[in-house]
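Here the structure comes first, spelled out in structure tokens, and everything after it is commentary.
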Amino acid sequence: MKLQATGKAKWLVYQKIVIVFIAFLVPLISMNIWVNYKGMSFMKNAILDSSLAGASFYSKQLDKEMYFIRNLQLQFLGDKDLQKLSFQGGRLGRYEEVELINQISDRLSTLLSSSDYVVNGGVYVEAIGKTISSMTGVTNTPNDEYKRIDSLLKTKPKPSFFRDGDRIFFIETENNAGVWSYIEISRSKLLEALHEIATLYQESEVLLGNRDMGKVLSTTQEDQVSTAVLNLMDEQNEHDSDLPEMKKVNGKSYFIIHNNVSALNLSLVMYVNQNEITRPLSQFSTWFYALFIIAIAVMLLYSYSVNIMIHRPLSKLLKAFHLIETDNLDLVIESRSKDEFHYLFHSFNRMAFRLKRSIEENYEQKIALQHSQLKQLQSQINPHFLYNSFFNIYMMCKVGDADSAAELSQKLGSYYQYITRSGSDEVPFYKEYRHALDYCEIQCIRFSNRIHYEYDEISDATNVIAVPRLIIQPIVENVFEHAFEDGTMHGVVYIGADCQEGRVRITVEDNGNLLTDEDILQLQEKLAKHSSQVENTGLINVNNRLQLKYGVGSGLFVSRSSYGGLKVELIIIYEHEGA
């Protein structure tokens, strides 16, 4: 059956999605209306806040990077190998001194690779009179690096960083100036970071400096503008204001954004030409109304598309689950799209089919198992069969036929041992076949050899084939009970076995003349129905068990025998069992 979408309900999932979407969209539209009425001033502040956030982010990243380098430098000064070299340098052996120097060099290499801003790192150890540098290696003092660092250390008061022309250094001392650690910061990397901030706007410039040191780095060569901007920033600092402002510099209006880089004790300043920011606002009204109309259209289209893409498929799926709850498993959800719902619908259809098949199989299997157990119990305690067997043994003993009595006793014991034995439901094929022959032997004795049987020998290859218990004996039992009931003829039972790769075929035929063609046809129909509702005789029982276990193609098939009686073929296709 085909499913249609269910009717609308209050606060469905798709309605909630649309409401949430509108709840997010309406404030945005309202904010745009408010911005439109507030005008240019508000937009300028909003843009400045955005610029401030971007500049603040980059300045904080730069500040963190500088602090990170300084912390690495301080950790390096506290390195135990460096301290040992500083305190015991004059008393160490040559090998130990070289080993400590190598380890310190490795630490310097690690420090150099820890940040792209570090271009050189070195240390001067007074105790050994050497400088260890990642650029020049290990050299005796005095040398060029030693002289440069020594001259920078004389700067008073000590700055947050040292400048030597265009070069920037972090210098720290330890052990009463017995150890100097110096790190050179890449001017090109710093300038690259400033240019990255300046890319926020086309007509923006960024500089790094303060009033005392002036402009340290800048993305522009216009010293007059940058110096004026720095002075404005110093005035702003005096008023304790870190907010962006619009100032005039040399007749032009600039938005100026100021951030502190405390690791360098400098100010990072970005200034943007006002015209670049206000230029797009001239077309704001037109774009606003156009966007407002588009927003309304988007809400309508979104609501409709959510209804089509989510609500309707979910309604189909929901209705299908309701039908499952009513035990209606004959349903199929159709899907024309190839999206996730197509997969869900396909999976649901497959689940419903498997559920239906599982219920049917489990139900029929339980019924078949119950009848099978009942049939086995009836066979185990059948008093008529047992009384006849013991009577035959008694008569043999009376006439002195001890050999026949012993043989019948042995066959009867083997028979009851087999059918009463608990354990696995499956047995090797040759045992099941042997059990059927034992039953034939007992029955032939019971019928005073008026009935005999012929059978095919089976090969040793059948030793590895496992089959359900008691599947051949009920067929043979049916022959003795129904084929020769009138006792007016000499009966013969023919048992054939054919075992090939993946297939077992057992044939049981008789030369009885009691079954009519109509009887055979009725039996064929019962076997074809494969249902627990039909009369569950021994043959039906075996047929259902085989089909449930091995699937289509396995089971019992009856026809008229060439000997005149009934022909029953038992077929097991066990190669499908593991599929």
Side-chain angles (χ1 to χ4, degrees), residues 47-78 108 110-121 152 155 157-173 181-201 204-220 226-227 229-245 254-272:
I47 295 174
L48 280 176
D49 289 340
S50 176
S51 303
L52 177 63
S56 176
F57 171 78
Y58 285 109
S59 63
K60 287 179 180 179
Q61 291 296 106
L62 179 61
D63 202 13
K64 288 180 180 179
E65 190 68 22
M66 295 299 107
Y67 268 120
F68 173 73
I69 295 173
R70 281 189 176 278
N71 288 333
L72 288 179
Q73 186 178 29
L74 294 176
Q75 292 175 12
F76 174 72
L77 278 175
L108 284 174
T110 303
L111 191 149
L112 183 66
S113 62
S114 63
S115 174
D116 293 337
Y117 288 92
V118 179
V119 294
N120 183 28
L152 292 175
T155 305
K158 180 182 177 181
S160 57
F161 65 94
F162 298 83
R163 297 174 65 186
D164 182 17
D166 290 335
R167 302 176 70 179
I168 298 174
F169 292 87
F170 288 155
I171 304 175
E172 297 291 340
T173 62
S181 172
Y182 51 95
I183 295 177
E184 182 178 357
I185 304 301
S186 173
R187 178 183 176 86
S188 61
K189 284 293 181 180
L190 284 174
L191 193 58
E192 182 180 330
L194 299 186
H195 278 291
E196 189 173 3
I197 302 173
T199 56
L200 294 172
Y201 295 99
S204 65
E205 302 294 342
V206 181
L207 62 87
L208 196 63
N210 57 31
R211 175 181 290 180
D212 296 330
M213 303 186 68
K215 181 180 69 173
V216 178
L217 284 174
S218 176
T219 58
T220 180
S226 58
T227 301
V229 169
L230 274 178
N231 293 332
L232 289 173
M233 286 297 95
D234 288 331
E235 294 176 4
Q236 186 181 25
N237 289 337
E238 292 176 0
H239 293 87
D240 297 326
S241 175
D242 290 329
L243 298 176
E245 294 185 357
Y254 289 91
F255 283 110
I256 303 175
I257 301 170
H258 167 260
N259 288 280
N260 288 323
V261 182
S262 56
L264 298 175
N265 196 22
L266 296 176
S267 295
L268 189 147
V269 183
M270 182 177 76
Y271 51 99
V272 187

For [X], all residues meeting side chain to side chain contact (heavy atoms under 4.5 Å, CB included), sequence neighbours excluded:
{"X": "F57", "answer": "Q61"}
{"X": "S188", "answer": "S186"}
{"X": "K158", "answer": "F162, E172"}

message = What I'd like to find out is whether the side chain of F161 reaches to under 4.5 Å of the side chain of L266, using heavy atoms alone.
response =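 Heavy-atom side-chain distance check passes, below 4.5 Å.
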key: side-chain contact (heavy atoms from CB on, under 4.5 Å) between V206 and Y58, intermediate numbers included   = CA-CA 11 Å; V206 181; Y58 285 109; over 6 Å; no
What residues, two or more places apart in sequence or in another chain, satisfy salt bridge (Lys or Arg N to Asp or Glu O under 4.0 Å) together with [X]?
{"X": "K60", "answer": "none"}
{"X": "E205", "answer": "none"}
{"X": "R167", "answer": "E184"}
{"X": "D116", "answer": "none"}

Sequence-distant partners of [X], side-chain hydrogen bond (donor to acceptor under 3.5 Å, both in side chains), two or more places apart:
{"X": "N120", "answer": "S133, S134, E145"}
{"X": "N71", "answer": "none"}
{"X": "S262", "answer": "D63, Y67"}
{"X": "S218", "answer": "none"}

Say you draw a straight line from [atom1] of [X] to [atom2] of [Y]; how long is it, rounded to the nearest 0.5 Å?
{"X": "I171", "Y": "T155", "atom1": "CD1", "atom2": "OG1", "value": "8.0 Å"}
{"X": "S114", "Y": "I69", "atom1": "OG", "atom2": "CD1", "value": "6.5 Å"}
{"X": "T173", "Y": "L77", "atom1": "OG1", "atom2": "CG", "value": "8.0 Å"}
{"X": "K189", "Y": "I168", "atom1": "NZ", "atom2": "CD1", "value": "14.5 Å"}
{"X": "L190", "Y": "L208", "atom1": "CG", "atom2": "CG", "value": "7.0 Å"}

State whether the side chain of [X] and the backbone N or O of [Y] hold a donor-acceptor pair below 3.5 Å, judged by distance alone.
{"X": "Q73", "Y": "F170", "value": "yes"}
{"X": "T219", "Y": "H195", "value": "no"}
{"X": "S115", "Y": "Y117", "value": "yes"}

query = Which atom names give the shortest non-hydrogen contact between I183 and V118, and what distance separates them?
reply =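 Closest pair (atom of I183, atom of V118, distance): CG2-CG1, 3.8 Å.
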key: Trace of the side-chain contact (heavy atoms from CB on, under 4.5 Å) decision for L194 with L268   = CA-CA 9 Å; L194 299 186; L268 189 147; 4.0 Å; yes
request  = May I have the step-by-step check of side-chain contact (heavy atoms from CB on, under 4.5 Å) for S267 and N259, ending in yes or no?
outcome  = CA-CA 6 Å; S267 295; N259 288 280; over 6 Å; no
